[in-house]
Amino acid sequence: MRTHPPHLPLLGDLQPGTTQRHSVTLPGTELADEPRPIVTVTGARSGPLVFINAGVHGGEYPPIEAVIRLSRELDPATLAGTVVLMPVLNLPAFWKRTMFVCPVDNVNPNRVFPGDPNGTYSEQMTHALVNEFIAHADAYIDLHGGDIPEALVPFSICRDGDTPVDAKAKELASVFGLPYLLTVSRPIQPAKGSSSYVAAAERGVPGFIAEAGGVGQLQLDAVDLLTDGVRRVLAHLEMIQPMVVNAAPPKLLTAFEWVYAKHPGMFYPAVAVNDVVRDGQAIGKVGSLFGDTLETVIAPVDGRVLFLTISPAVQANGLLMGIGAGE
Ligand SMILES: [Zn+2]
């Protein structure tokens, strides 16, 4: 546990018993474009420091709204410890409604953790997130959802490992209470870096991703799932009184297979999110703009469709769905 009240380099000394609004320019030569809103809720009493962000992907609105609501709801008079909340990391994507990547450098920020202080915009942004916030926390929650063209079943992800940090991350992700928990031991897509929760674990901070909502809309049931999950974790850490009932333990999944189109065209899925599919099953078609079938999409594993691209236009190698396996 950190000293209380905590001191974060970019935020200075936090005042016990207060909610403070900050407008923070992240360090990095590329990041002077716009300060980011951050709210700190510093309890009157000592306790853990939990860092929560959304908006690593700027078109995932239920997680962004969940962070905004939590920043106004948490009561510093009764809180033990500190909650640091950042509603949107990837502000360029938020303003431009860009899917998957940051429009400044066309990089997916969640593939370049822990970042690079001398790299591109996304690399500097993730480097700042890790070093200025995540590394100072006792626990880290990265809220996501389906991006603008994706429907999604709520699930959490943490690193599959045998360290105490991995065990704690899995414990907190289970407490969060989404129906599925994926533990992954290798990058989901080959990339320069890894994901937020891996960077956190490498800095000794238990962290996980929680995903709910999608399709570019503000689904209030998904906002509730995410805010309830954070409330459960904070109560589990004895920072707040329990506000919501415990959830059933998540179903554990141990592999995440992503399915891509070979050809560009129109995607016609034959499955819905949350459907269970079998290895070899036809799960959709890609057609040309003349209406000819270009390919039948085949499930590569037995598993459950955790997210599904519901906007038909796909490029060659375009992402169609993610299947969670090992249930
Ligand atoms: Zn995301």
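These figures come from a predicted structure and were not determined experimentally. Numbering of ligands and ligand atoms starts at 1, following listing order.
- Between P206 and Y140, every side-chain heavy-atom pair lies at or beyond the 4.5 Å cut-off.
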Side chain to side chain donor-acceptor pair (under 3.5 Å) between H144 and E60, intermediate numbers included: CA-CA 6 Å; H144 284 251; E60 297 172 356; 3.2 Å; yes
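- The aromatic rings of F307 and F256 sit perpendicular to each other, their planes meeting at more than 60°, with 30° as the lower class boundary.
- For the Zn ion (ligand 1), the set of protein N/O/S atoms nearer than 2.8 Å consists of H57 ND1, E60 OE1, E60 OE2, H144 ND1, ordered by chain and number.
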CA sep, side-chain torsions, deciding dist, call: R304, E327, salt bridge (charged side-chain N to carboxylate O under 4.0 Å, His left out): CA-CA 8 Å; R304 185 176 294 274; E327 192 172 329; 2.7 Å; yes
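- For D105, the side chain to side chain donor-acceptor pair (under 3.5 Å) partners two or more places apart in sequence, or in a different chain, are T120, S122.
- Side-chain heavy atoms closer than 4.5 Å link hydrophobic residues (I, L, V, M, F, W, Y) into clusters, and following such links, possibly through other members, connects V175 to L143.
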